[in-house]
Participant: 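Let me begin by handing over the structure; questions about it come next.
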Amino acid sequence: MATIKEISRNRVHGGEQLRIQHHSAVLSCDMIFGVFLPPQAASGPVPVLYWLSGLTCTDENFTQKAGAQRLASKLGLAIVCPDTSPRGTDLPGEHDDWDFGSGAGFYVNATREPWSAHYQMFDYVTEELPAIIEANFPVTDQRSVSGHSMGGHGALMCALKKPENYCSVSAFAPICHPSETRWGIKAFSHYLGEDRNEWLEWDATQLVCKTDRQLPILIDQGADDEFLGDELKPGSLEQACICTHHPLQVNMREGYDHSYYFITSFIDDHLRYHARALGLLK
């Protein structure tokens, strides 16, 4: 098991917010993640919500902007926030664009060089990171997953490809149909190659037709989100869920955009949703 190094520790709402560094064998680089431990963790293991952030983000965006620690502290819910891509690899072109490479791992397992040597983010967030968390912190193996934008896409991937690993899934403004959007096409063509059939294995709208265990999906979407029509396409996922009878709730929030102002406005609803699935609330 990888050795972890504590970078920082801050008291917040009776719990503790930590930043941790470790070497990832899956990504072949050093990584940093955040973990919030509620006060209940001092008395025994608590369940975990994994939060996956969006394009350009690091492990710190959610922990510093969402305000989730207040309610998580009352619920007894740990929150783990991984980074959004491998770091320090300096691959050709990796840092050239905000929507590809650094900060834009898309939570896929890359199959094309040079990305395949490091960009195995799906295996990192679904296998390696939970193993590290459960070996080093007072948490149970009960997990839920959520995320925003690219991270909402990632959360859907986790729940649709490995539903047995999670008790619940939700997302804020997720990229629902990446194989048909500019962001997704750019990322998938580099990470996965030009065969679009391979892309379908990382597209929620396609995967709802294949999953054998239907975890209900909760989505909040800002009606004034500037990326709603071109990049997010929740309507495509809605139609696929209707056709497959996959449980889906989409809350369209009038006047809200794509920012963390939107996330902090509704994060408590999602925390309670996951807390019920994890047995922390009735």
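Keep in mind that what you see is a predicted model, and the values were worked out from it rather than measured.
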Participant: Between Ser102 and Ser85, do the side chains contain an N or O donor and an N or O acceptor separated by less than 3.5 Å?
Facilitator: no

Participant: On a heavy-atom basis, which atom in Asn109 and which in Leu192 lie closest, and how many Å separate them?
Facilitator: O-CD2, 3.6 Å

Participant: Could you tell me which non-hydrogen atom of Asp220 sits nearest to which non-hydrogen atom of Asn251, and how far apart they are?
Facilitator: OD1-ND2, 3.2 Å

Participant: Could you give me the CA-CA distance, side-chain angles and deciding distance for Arg112 and Glu194, then say whether salt bridge (charged side-chain N to carboxylate O under 4.0 Å, His left out) is met?
Facilitator: CA-CA 10 Å; Arg112 296 297 184 266; Glu194 297 298 333; over 6 Å; no

Participant: Is the number of heavy atoms from other residues, nucleotides or ligands within 6.0 Å of CD (Glu113) greater than 12?
Facilitator: no

Participant: Using only atom types and a distance under 3.5 Å, with no angle test, would you say the side chain of Lys161 pairs donor to acceptor with the backbone of Glu201?
Facilitator: yes

Participant: Could you tell me whether the side chains of Ser24 and Glu128 share a donor-acceptor contact shorter than 3.5 Å?
Facilitator: yes

Participant: Mark yes when over 12 heavy atoms from residues, nucleotides or ligands other than Lys186 sit less than 6.0 Å from its NZ; otherwise mark no.
Facilitator: yes

Participant: So, does Thr264 use its side chain to make a donor-acceptor pair with the main chain of Ala66 at under 3.5 Å?
Facilitator: yes

Participant: How close do Leu52 and Ala155 get, heavy atom to heavy atom, and via which atoms?
Facilitator: CD1-N, 3.6 Å

Participant: Run the salt bridge (charged side-chain N to carboxylate O under 4.0 Å, His left out) test on Asp269 and Arg253 for me, step by step, so that the C-alpha distance in whole Å, both residues' side-chain angles and the decisive distance to 0.1 Å come before the verdict.
Facilitator: CA-CA 13 Å; Asp269 294 344; Arg253 305 295 189 177; 3.6 Å; yes

Participant: Any side-chain donor paired with an acceptor under 3.5 Å for Asp224 and His258?
Facilitator: no

Participant: Which residue, Phe36, Trp51, Phe172, forms the ring-ring contact (aromatic ring centres under 6.0 Å, His included) with Phe62?
Facilitator: Trp51

Participant: Write down the atom of Leu129, the atom of Pro82, and the distance for their closest heavy-atom approach.
Facilitator: CD2-CB, 3.6 Å

Participant: Counting only N and O atoms by type, is there a donor-acceptor contact under 3.5 Å from the side chain of Ser73 to the main-chain atoms of His13?
Facilitator: yes

Participant: Examine Tyr191 together with Trp199 and report whether their ring centres are nearer than 6.0 Å.
Facilitator: no

Participant: Would you say the side-chain atoms of Thr63 pair up with the backbone N or O of Glu60, donor to acceptor, closer than 3.5 Å?
Facilitator: yes

Participant: For Val48 and Phe137: C-alpha separation, side-chain torsions, deciding distance, then whether side chain to side chain contact (heavy atoms under 4.5 Å, CB included) applies.
Facilitator: CA-CA 11 Å; Val48 182; Phe137 299 97; over 6 Å; no

Participant: Go through the steps for Phe33 and Asp83 under the test side chain to side chain contact (heavy atoms under 4.5 Å, CB included), then give the verdict.
Facilitator: CA-CA 6 Å; Phe33 62 84; Asp83 206 342; over 6 Å; no

Participant: When rounded to the nearest 0.5 angstrom, what is the spacing between CD1 in Ile217 and CG in Leu237?
Facilitator: 5.5 Å

Participant: Checking side-chain polar atoms at under 3.5 Å, does Glu94 have a donor or acceptor matched by the opposite partner on Thr89?
Facilitator: yes

Participant: Using a strict cut-off of less than 4.0 Å between a Lys/Arg side-chain nitrogen and an Asp/Glu carboxylate oxygen, indicate whether Arg87 and Asp30 qualify as a salt bridge.
Facilitator: no

Participant: Do Tyr50 and Ile79 pass the side chain to side chain contact (heavy atoms under 4.5 Å, CB included) test, and can you show the C-alpha distance, the side-chain angles, and the key distance before you say yes or no?
Facilitator: CA-CA 6 Å; Tyr50 286 84; Ile79 304 176; over 6 Å; no

Participant: Quiz question: by atom type and distance under 3.5 Å, do the side chains of Ser179 and Asp203 form a donor-acceptor pair?
Facilitator: yes

Participant: So that I can tick it off, tell me whether Arg213 and Glu164 are bridged by a salt bridge, with the cut-off set at under 4.0 angstrom between side-chain N and carboxylate O.
Facilitator: no

Participant: What's the verdict on salt bridge (charged side-chain N to carboxylate O under 4.0 Å, His left out) for Arg182 and Glu231, showing C-alpha distance, side-chain angles and the deciding distance?
Facilitator: CA-CA 7 Å; Arg182 184 182 61 83; Glu231 299 293 351; 3.5 Å; yes

Participant: What about Leu278 and Ile133, same hydrophobic cluster or not, with Ile/Leu/Val/Met/Phe/Trp/Tyr joined at side-chain heavy-atom distances under 4.5 Å?
Facilitator: no

Participant: Can you tell me if Thr84 uses its side chain to pair, donor with acceptor, with the backbone of Cys57 under 3.5 Å?
Facilitator: yes

Participant: Check for a donor-acceptor pair, side chain of Ser149 on one end and backbone N or O of Gly151 on the other, with a separation under 3.5 Å.
Facilitator: no

Participant: Look at the aromatic rings of Phe266 and Tyr256 and report parallel, tilted or perpendicular, splitting at 30° and 60°.
Facilitator: perpendicular

Participant: Kindly work out whether a path of hydrophobic side-chain contacts (I/L/V/M/F/W/Y, heavy atoms less than 4.5 Å apart) joins Trp115 to Trp98.
Facilitator: yes

Participant: Which of these, Phe106, Trp202, Tyr107, sits in a ring-ring contact (aromatic ring centres under 6.0 Å, His included) with His153?
Facilitator: Phe106

Participant: Look at the side chain of His148 and the backbone N and O of Gly54, then say whether any donor-acceptor pair between them is shorter than 3.5 Å.
Facilitator: no

Participant: Using a 3.5 Å distance criterion without hydrogens, assess whether the side chain of Asp99 forms a donor-acceptor pair with backbone atoms of Trp183.
Facilitator: no

Participant: May I ask whether Phe227 and Leu156 are part of the same hydrophobic cluster, defined by side-chain heavy atoms of I, L, V, M, F, W, Y residues being less than 4.5 angstrom apart, directly or through others?
Facilitator: yes

Participant: Any side-chain to backbone donor/acceptor pair from His246 onto Leu215? Under 3.5 Å, distance only.
Facilitator: yes

Participant: Considering the options His274, Arg143, Gln142, which one meets the side-chain hydrogen bond (donor to acceptor under 3.5 Å, both in side chains) requirement together with Ser168?
Facilitator: His274

Participant: Are more than 12 heavy atoms from other residues, nucleotides or ligands located less than 6.0 Å from atom NZ of Lys5?
Facilitator: no

Participant: Evaluate side chain to side chain contact (heavy atoms under 4.5 Å, CB included) for Met31 paired with Asp59, printing each intermediate quantity in order.
Facilitator: CA-CA 10 Å; Met31 294 292 286; Asp59 62 288; over 6 Å; no

Participant: Does Thr211 reach the main-chain N or O of Gln214 with its side chain, forming a donor-acceptor pair under 3.5 Å?
Facilitator: no

